[in-house]
There are 2 protein chains.
Amino acid sequence: MIDRHHLEILRAVDRDGSLTAAAESLHLTQSALSHAIRKLERYLGTSLWLRDGRQLRLTQAGEYLLSLSNRLLPQLEHAEQVIGQFARGQRGTLRIGMECHPCYQWLLKVVGPYLEGWPDVDVDVKQKFQFGGIGALFGHDIDMLVTPDPLHRPGLVFEPVFDYEQVLVVSGDHPLASREFVVPGDLERETLITYPVEVERLDIYTRFFLPAHASPARHKTIETTDIMLQMVAAGRGVSALPKWLVAEYAEKLPVVPVRLGEEGLPKQIFLGLRERDCEVDYLNSFMNLAREVRWG
Amino acid sequence: MIDRHHLEILRAVDRDGSLTAAAESLHLTQSALSHAIRKLERYLGTSLWLRDGRQLRLTQAGEYLLSLSNRLLPQLEHAEQVIGQFARGQRGTLRIGMECHPCYQWLLKVVGPYLEGWPDVDVDVKQKFQFGGIGALFGHDIDMLVTPDPLHRPGLVFEPVFDYEQVLVVSGDHPLASREFVVPGDLERETLITYPVEVERLDIYTRFFLPAHASPARHKTIETTDIMLQMVAAGRGVSALPKWLVAEYAEKLPVVPVRLGEEGLPKQIFLGLRERDCEVDYLNSFMNLAREVRWG
DNA sequence: AATATTCCATGAAATAAATTCACGAACTGG
DNA sequence: CCAGTTCGTGAATTTATTTCATGGAATATT
């Protein structure tokens, strides 16, 4: 079998011009080289060098193998470099899972600076998971989960990265637009627009309507934040979104945030990752960056 | 060091799905594989597989190394094939040296059929040698020499491959065109055109003029046969070439062959090669083919 | 021409590496 | 829960590699 060692020998003998010199640069004795060559030549059934006096001259087979060496060895050497980077957490693909629809806007603000700091790390964002975000984390489909629901489990670590207030969004000319805050009863004749996820994961239900045994008149689901807010601006319904997100859209659309309940609906976004990965530099660095991003 | 063996392991584990199965197909025990993997992982400083229950799942570093395996292993395997062909003399570059200018036409007739029979052998023809054709043969710059002067030396083998007659060429309307043969004195007022080689290697001197202590009036040299015969046809000189070659050109140009001396000037072309190479199939085969080519 | 030096080959001995054996722990599917 | 797999590990064994010691052959030196 032609081994990497053999390719190194071909290259070294060619580079250094003699067995003795090649042995030196390979940190071997000349004898060891001679034995190794003899063995390879016997295996291949052909000589690789012509011994012409004390000169070595490559045969055609030798030339061929030398060119192979010059092609393959750099690839192997590069691979070791790259794997070293993997090992030191300087390279990889950071696969982020999102369980929080509006967080996409937030994520973009983190990813930008991150990519600059980690030129060898690629970022990939996934939004659909067969067994939920936690399952995807366990199943190694993703490396990091952005979620408002930190389901603590052994082997997983969650850290809050930012706090915000979930608010009701209404159009600028909506009767509720000027209210200090709304109570569940205020929305009994309204159409509520949400992302298409299970009701249990919608805080406006779990923390606002359900405790008061109330509910909106209608419930529609829409995939994208943009369209959702277009609908709200057009007076076709109300929605519940992060306050900072509404603030951003308020510059372009006639939408207004209104506090949900007297105390408001405080929320937190968590980043989750596998406990084992906590020490991985490029994941850790993402966490730190995420905590630093601030909002007006 | 990432070794070929390691790449084979990556590939086998991926292909067979488990260590045990991979060990089987590599003709190893599972234990040996486990040890080898552990050693590689320690060397690289990172794990290549995640042990998740009894499932193995590649890490990013593992994926990377697997793709390297799939790229490099086929090249190594192909190289062994090719070197096997070198060893069995089924492949190579047959480097032919020519010391006989007009023989190029003859060579072309041999090379054609040869290339068909040896699809993996390339033919390369060289015409200039720093230390002569014999030197080139000894110095392994060429593998075979086409020459009219078989300088027998230990380590070299020469075989005559074809006989022909060297003739004088004159234009159709030349006074000598109708002669049965010419003697040296007939050419004392002529311009002789030859290839640009030493006079000692021109038979018309060594075997025709010099024995008679005669010489032509002028001597010009021209590199190519085509131009040489154009000159002869135009009556600008006479030349000495193989009879068969003149016969071929006579169809297109007004040139006529005339016997040199009463007996003519018989010549032989020899193929020479290194004694050691006598058993090499693709060289041997060329010799045989060369002997078979016949001339009208 | 004699001598020294350099370079490669080789067999035996020493060393290092890979592989197997034997066993145990952890997981999977019935 | 149990039988059957699968993987990991230390010690023993086998195999491969490397060194040591040496010699021969080609080149350089005087």
Side-chain angles (χ1 to χ4, degrees), chain A residues 1-59 62 66 131 135 138-140 153-155 276, chain B residues 1-59 62 66 131 135 138-140 153-155 276:
Chain A
M1 196 166 76
I2 299 174
D3 226 340
R4 173 173 184 173
H5 189 52
H6 298 131
L7 301 184
E8 307 253 24
I9 290 173
L10 263 289
R11 184 174 63 173
V13 172
D14 182 65
R15 168 165 37 84
D16 302 334
S18 78
L19 272 205
T20 315
E24 175 90 4
S25 75
L26 291 171
H27 307 293
L28 284 174
T29 57
Q30 171 270 318
S31 175
L33 252 197
S34 190
H35 282 294
I37 285 170
R38 157 156 293 269
K39 196 180 165 196
L40 177 62
E41 287 183 333
R42 294 180 64 137
Y43 166 75
L44 294 175
T46 181
S47 63
L48 263 14
W49 288 274
L50 293 169
R51 280 72 166 175
D52 161 18
R54 69 194 205 196
Q55 290 275 298
L56 287 184
R57 170 203 305 282
L58 284 169
T59 60
L66 174 62
F131 304 108
F138 267 118
H140 286 263
R153 297 258 184 114
R276 292 183 140 197
Chain B
M1 197 166 75
I2 299 173
D3 226 342
R4 174 172 183 174
H5 189 53
H6 298 131
L7 301 184
E8 307 251 26
I9 290 173
L10 263 288
R11 184 174 62 173
V13 172
D14 182 64
R15 168 164 38 83
D16 302 336
S18 78
L19 275 204
T20 315
E24 175 88 4
S25 74
L26 292 171
H27 305 294
L28 285 172
T29 57
Q30 171 270 319
S31 176
L33 254 195
S34 191
H35 281 294
I37 285 170
R38 154 156 296 265
K39 196 179 167 198
L40 177 62
E41 288 183 331
R42 294 180 65 140
Y43 167 75
L44 293 175
T46 180
S47 63
L48 263 13
W49 287 273
L50 293 167
R51 280 70 168 178
D52 162 19
R54 67 196 209 195
Q55 289 277 297
L56 287 184
R57 173 203 302 283
L58 284 170
T59 60
L66 174 61
F131 304 107
F138 266 118
H140 285 265
R153 297 258 183 114
R276 291 184 142 196

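Below, chain A is the first sequence line, B the second, and so on; all start at residue 1.
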Looking across every strand, which nucleic acid part, if any, lies under 4.0 Å from A/Leu56 by heavy atom: base, sugar-phosphate, or nothing? sugar-phosphate
For every nucleotide of nucleotides 23-30 of chain C, 5' to 3': is a protein heavy atom under 4.0 Å from its base (B), only from its sugar-phosphate (S), or from neither (-)? ----BS--
Under 4.0 Å between a side-chain N or O of A/Lys39 and OP1 or OP2 of D/dA16? no
Is the phosphate of D/dT9 approached by B/Arg38 (side-chain N or O, under 4.0 Å from OP1 or OP2)? yes
Please indicate whether B/Glu24 has more than 12 foreign heavy atoms, meaning atoms of other residues, nucleotides or ligands, lying under 6.0 Å from its CD. no
Length of the CZ-P vector between A/Arg57 and D/dA26, whole Å: 15 Å
Does the pair A/Arg38/A/Glu41 count as a salt bridge with the N-to-O cut at 4.0 Å? no
Separation of D/dT17 atom P from A/Tyr43 atom OH, nearest Å, is 13 Å
Ignoring hydrogens and angles, are the base of D/dC20 and the side chain of A/Ser31 linked by a donor-acceptor pair under 3.5 Å? yes
How long is the straight-line distance from OG1 of A/Thr29 back to NE2 of A/His35, given to the nearest 0.5 Å? 8.0 Å
Under a 4.5 Å cut-off applied to non-hydrogen side-chain atoms, are B/Trp49 and B/Val13 in contact? yes
Interatomic distance where CG belongs to B/Leu33 and P belongs to C/dT20 [whole Å]: 9 Å
Rounded to whole angstroms, how far apart are NE2 on B/His6 and P on C/dA18? 7 Å
Interface with DNA chain D, restricted to residues 9-28 of chain B and to heavy atoms under 4.0 Å: B/Ser18, B/Leu19, B/Thr20
Smallest separation among heavy atoms of A/Ala21 and A/Ser18, with atom names: N-OG, 3.0 Å
One pair to check against side-chain contact (heavy atoms from CB on, under 4.5 Å): B/Leu19 and B/Ile37. What are the steps and the verdict? CA-CA 10 Å; B/Leu19 275 204; B/Ile37 285 170; 3.3 Å; yes
Verify side-chain contact (heavy atoms from CB on, under 4.5 Å) between B/Asp16 and B/Leu26, making sure each step is shown before the conclusion. CA-CA 10 Å; B/Asp16 302 336; B/Leu26 292 171; over 6 Å; no
Using a cut-off of less than 4.0 Å, is there contact between a side-chain N or O of B/His5 and OP1 or OP2 of C/dT19? yes
Identify the heavy atoms of B/Leu33 and B/Ala22 that sit nearest to each other, and give their distance. CD1-CB, 3.8 Å
Can you find a pair of side-chain heavy atoms, one from B/Ile9 and one from B/His5, that are under 4.5 Å apart? yes
Hey, is A/His35 doing a stacking thing with C/dT10, by the 5.5 Å centroid and 30° angle criteria? yes
Here the distance between atom P of C/dA18 and atom CD1 of B/Ile37, to the nearest Å, is 14 Å
Distance in angstrom units between B/Met1 CE and C/dA17 P, rounded: 11 Å
Strictly below 4.0 Å: does A/Ser34 bring a side-chain N or O up to OP1 or OP2 of C/dA9? yes
Measure CD/B/Glu8 against P/C/dT19 and give the value in whole Å, please. 12 Å
